[in-house]
Each structure stands twice: as C-alpha cells, then as structure tokens.
Amino acid sequence: MSTAWQHTPISADGRLGLASQHPGRSDPAYRRRRDALAARAEGHQVGAPYPAVDYTEDEHRTWRAVHQALGPAHHAHACRAVLDAGEDAGIRADRIPQHTEVSAALTARTGFAFTLAGGVVPNERFLGAMEHGYFHAVQFVRHPAVPLYAPEPDVLHDVFGHGVHLSCARLARLYRLIGQAANRTETAEALDILSRVYWFTLEYGLITEAGTPKAFGAALLSSFGEIGAHDGRTIRPLDPRAAAATPYRISGYQPVLYTVRSLEHLEDVLGAFCADFDDESASRMRVPALSRDRA
C-alpha cells in the first residue's frame, strides 16, 4: 500500500504531510476560535438547547467555497441515494446554517436533530443518542487555507454529510439501527466493534453502481479530494465482521473501504448485523482491539 495513505492534505494544492502539519492543527489563532466553539459542548445534555454562532465572513467564505466544489463532486462520484437525499436537504449556498435551522428541517423529514458536540464523542453517547433521533454535531469551521479537507469533523462535514443522510427516512433508519444496537451493549469491546462498523458504512461506505464504486458515507461526501480518490485503495465487499477488524484513520484518507451492491443491500446487511448484535455476540466475534489512528 502506498505511503500516501499515511498522510493528510495540508495545503490548498493537495500537498500531503502529517496531520500535525495541517494549519487546522498548527495555526494558533484558528485553534483559539475552534477551541472556544468546541468548549461550548462541555456539560451539554443531549437534546438540550444551545446558543447559535456568530460566524465571521471568512467562515462563511469557506462554506461557500466548499459548497461550490462539492456540488459537482457529488454529481460525479456520489451514489443515487445520496444525490436524491441532497436534493431534498436543500443545503443553502450563501452562508453556514445554524444547527437550529438544520435540525428544524431534519425533524420535519425524519425526526432527527443535531445535538452539540465539541469534537470526537465517546462511543456510548455518540452511537446511543442516534436511537433517540439525535446526532452529535460540531459548530466550528475547517481552516480556510485548506477548505476542501479537514483532519477532523467540522460543521461542513456534519451538514454536507450527515445532514444529507438524515434528510432521507431510509438513511435515517440506518442511524437508528446503530443506536439501538449500541444501547443493548454495555462493554467497551462491543461499542468499539459497533463504532468500526458505523465508520465503514455510514462514514466511509461505498455503493457500487454500474460497476463503479460511488460515495455513500458522510466523510466522503464532505471531502472533495477523497470522494473519488479510489486509485490505490483496497475496496472490499461489505462484511461487518471484517470491517470491525479493520483499522481506520480519523485524520487522513482511508486505505481500505467497503462497498455494497445497492442501498437495499446495505439495509439488509446492516440490519441483520445490528438485529443480533449485543455484548455476547461481540465477544464471540473475537475481534482484536485496534486503536484509531488520529495522527
């Protein structure tokens, strides 16, 4: 496997480097703004109201740049289910929507709403909240110097990725399935397995259409550079147990992805896995403990 998969885009021209070199990790002024918005999530109760953000014009400019780039990228590389959901979502182009705006639209369509996060959320809380129609989303914006890639989830990822998914009743049901399975488990081992299945389906899943892998997962939908970057990648038919044993990288392009034949196939495979998933079945899987690479 190429060493390129061990790196992250760190400049607007696509130059690769370590995630720590990304300006979103190394720019002090940006970090102060990002951390101040993330700090709002401390002590937040799932579903409780929280303040809106007074976004700057620079942040809105980043939003507009990404919106303009992702539209054509979705039409070229996203699966039909995502394209249809995106049309229903009607994501505005001119400015960053507030969480309350996104939530109002989602609730009307599928019963989902955003709830505040400050970054990566523990599996028990993050996955479990989805059974009850809450998706943890952040308010901060990616660094403007590299608008088409962020080394961590940001508001663009949550809206362009999960906001699109959760606009569609069929896709939203997959989130609830994961949440229901999470709330039947108690062990960290089981939650870790479930989080990896979530990662390789709802975050980074592919659907093969007419012989071509098309982006389905939310992380792909919000990453202009990665949505169609399959050269050199290993793409495997989805097997949840194999996916649960596959390491993944939070920061950087993924070297291994899984695909299904159709949305119906994903519903069948993920539905069957989640229906039977609990602490006992997780233990029987004997999946090795794998740490997520945040480099």
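Sequential numbering from 1 along the given sequence is applied to the chain's residues.
Using modelled atom types, one side-chain atom of R176 and one backbone atom of E131 make a donor-acceptor pair closer than 3.5 Å. Listed for the R233 side chain is a donor-acceptor partner under 3.5 Å among the backbone atoms of Q254. Between the side chain of T185 and the main chain of A182, a donor-acceptor pair closer than 3.5 Å is present. Remark: side-chain polar atoms of T259 are paired, donor with acceptor, to backbone N or O of L206 under 3.5 angstrom. Looking only at distances, no side-chain donor or acceptor of T187 sits under 3.5 Å from a matching main-chain atom of D279.
Around CD of E264, the count of heavy atoms belonging to other residues, nucleotides or ligands within 6.0 Å exceeds 12. Other residues, nucleotides and ligands place no more than 12 heavy atoms under 6.0 Å from the CZ atom of F224.
Salt bridge annotation for R64-E57: present, with a cationic side-chain nitrogen under 4.0 angstrom from a carboxylate oxygen. The pair R80-E209 does not meet the salt-bridge criterion, since no charged nitrogen lies less than 4.0 angstrom from a carboxylate oxygen. Salt-bridge check for R92 with D94: passed, with a basic side-chain N closer than 4.0 Å to an acidic carboxylate O. Under the 4.0 Å criterion applied to side-chain N and carboxylate O atoms, R95 and E101 are assigned as salt-bridge partners.
Going from atom NE2 of H157 over to atom CD of E203 covers 4.0 Å, rounded to the nearest 0.5 Å. With values rounded to the nearest 0.5 angstrom, H67 atom NE2 is found 5.0 Å from F160 atom CZ.
Under the salt bridge (Lys or Arg N to Asp or Glu O under 4.0 Å) criterion, D27 pairs with no residue at all, not counting sequence neighbours. Looking at residues two or more places apart in sequence or on another chain, you find no salt bridge (Lys or Arg N to Asp or Glu O under 4.0 Å) involving R32. When the side chain to side chain donor-acceptor pair (under 3.5 Å) test is applied to R109, no partner is found at least two apart in sequence or on another chain.
Residues Y204 and L220 form a side-chain contact, since some pair of their non-hydrogen atoms from C-beta on lies under 4.5 Å apart. At a threshold of 4.5 Å between non-hydrogen side-chain atoms, the residues H165 and L221 count as touching. Under the 4.5 Å side-chain criterion, counting only non-hydrogen atoms from C-beta, F135 is not in contact with T115. In this structure the side chain of I227 reaches within 4.5 angstrom of the side chain of H74, judged on heavy atoms.
For F114 and Y134, the gap between ring centers reaches or exceeds 6.0 Å.
Remark: the T246 side chain and the Y258 side chain contain an N/O donor-acceptor pair separated by less than 3.5 Å.
Results of the salt bridge (Lys or Arg N to Asp or Glu O under 4.0 Å) test with D154 over R34, R142, R33 single out R142 as the only residue that passes.
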